[in-house]
Amino acid sequence: MNQLPHRPIVKTTVRYCGSALVALAALTLAACSSPGTIVGAPNPGGEVMTTSQPLVSDCDGVAVVVDFGILDESEIETCVDISAERPALDVLSAAGVTVAGTDDYGTAVVCRVNDAPASDVPIVVEGYAPHTESCASMPPAYAYWAVWVKQGTPDWQYAMVGASDLTVRPGDSLGLAFTTGTTTPTPN
């Protein structure tokens, strides 16, 4: 497998998530707001620049955004330089994002991103018993990773194929968001 180059962008988000009741199937998302954002990226001279605007908007390759939601991890936002269509999982790997699938569905269903949620830490969502993710089968509708894309549109679209079948092209955006509810927030 060829290594894809990427331009790292470190984004720290202060996140406030309200509790959400869940009644829909495993392909729905919870809303969270992120009022404070600081973004930093290396400039050509190697030192880090800081700006209040996301730098992935300048991405000529694939913009990658990972929103950990309630999992208490810092959001990831980076640009992976590609010149042709590539598998989404290859682009995530090039961005330094590890993805684990489930025993039943492989990486068509994303179970963990950068080892989150941890296999030994219960996920607590109001209205539900604590859930510890085993990655054996489909995660519950109140605690799962959603896969998002922007492909030829300015708006995020829910990926209509599993992560292992998804491909992206230069100019696309690829997002992962951990969800706990019934509404559908997109990656920030």
Side-chain angles (χ1 to χ4, degrees), residues 8-40 52 54-56 63-78 88-89 91-93 95-150 155-160 162-164 166 173-188:
I9 297 173
V10 177
K11 180 175 181 181
T12 304
T13 302
V14 178
R15 179 166 309 288
Y16 301 97
C17 295
S19 63
L21 296 177
V22 179
L24 297 180
L27 298 178
T28 58
L29 296 173
C32 294
S33 64
S34 53
T37 302
I38 302 171
V39 180
S52 61
L55 298 178
V56 294
V64 175
V65 179
V66 181
D67 183 342
F68 289 88
I70 67 166
L71 299 178
D72 200 29
E73 299 286 334
S74 295
E75 185 173 290
I76 297 169
E77 192 170 309
T78 191
L89 292 178
V91 171
L92 289 169
S93 177
V97 176
T98 61
V99 173
T102 66
D103 295 341
D104 288 348
Y105 301 101
T107 52
V109 173
V110 175
C111 180
R112 292 192 214 295
V113 175
N114 290 359
D115 297 321
S119 62
D120 59 350
V121 177
I123 302 165
V124 178
V125 176
E126 187 175 326
Y128 294 91
H131 171 73
T132 303
E133 185 56 67
S134 69
C135 293
S137 193
M138 187 67 72
Y142 61 89
Y144 74 96
W145 283 99
V147 181
W148 292 92
V149 291
K150 286 185 190 179
D155 299 319
W156 287 106
Q157 308 274 325
Y158 201 83
M160 300 309 291
S164 58
L166 183 63
S173 295
L174 175 60
L176 298 168
F178 191 78
T179 185
T180 58
T182 59
T183 59
T184 309
T186 56
N188 293 324

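Using a 4.5 Å heavy-atom threshold, the side chains of Trp156 and Pro187 count as touching.
For the side-chain hydrogen bond (donor to acceptor under 3.5 Å, both in side chains) condition, no pair includes a residue of residues 115-124, sequence neighbours left out.
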Distance-only donor-acceptor pairs under 3.5 Å for side chains of residues 101-111, two or more places apart:
unit_1: Thr102; atom_1: OG1; unit_2: Tyr105; atom_2: N; d: 2.9
unit_1: Asp104; atom_1: OD2; unit_2: Ser137; atom_2: OG; d: 2.8

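Going from atom CD1 of Ile123 over to atom CD1 of Ile70 covers 6.5 Å, rounded to the nearest 0.5 Å. The line from CD of Glu73 to CZ of Phe178 is 11.5 Å long, rounded to the nearest 0.5 Å. To the nearest 0.5 angstrom, Tyr142 atom OH is 13.0 Å from Thr179 atom OG1. A distance of 11.0 Å separates CG of Leu92 from OG1 of Thr78, quoted to the nearest 0.5 Å. Of the inter-residue distances, the one linking Leu176 atom CG with Phe68 atom CZ reads 8.5 Å to the nearest 0.5 angstrom.
Applying the side chain to side chain donor-acceptor pair (under 3.5 Å) criterion to Thr98, with sequence neighbours excluded, gives Asn114. The side chain to side chain donor-acceptor pair (under 3.5 Å) search around Thr132 returns none, not counting sequence neighbours. Every side chain to side chain contact (heavy atoms under 4.5 Å, CB included) that Ala159 has, sequence neighbours left out, goes to Val147, Leu166.
Across Arg112 and Ala118, no two heavy atoms sit closer than the pair NH1-C, 3.8 Å. Between Glu133 and Ala143, the shortest heavy-atom distance links the atoms OE1-O, 4.3 Å. Of all heavy-atom pairs between Val66 and Glu75, the closest is O-CG, 3.0 Å.
A donor-acceptor pair under 3.5 Å links the side-chain atoms of Trp145 to the main chain of Ala116, judged by distance alone.
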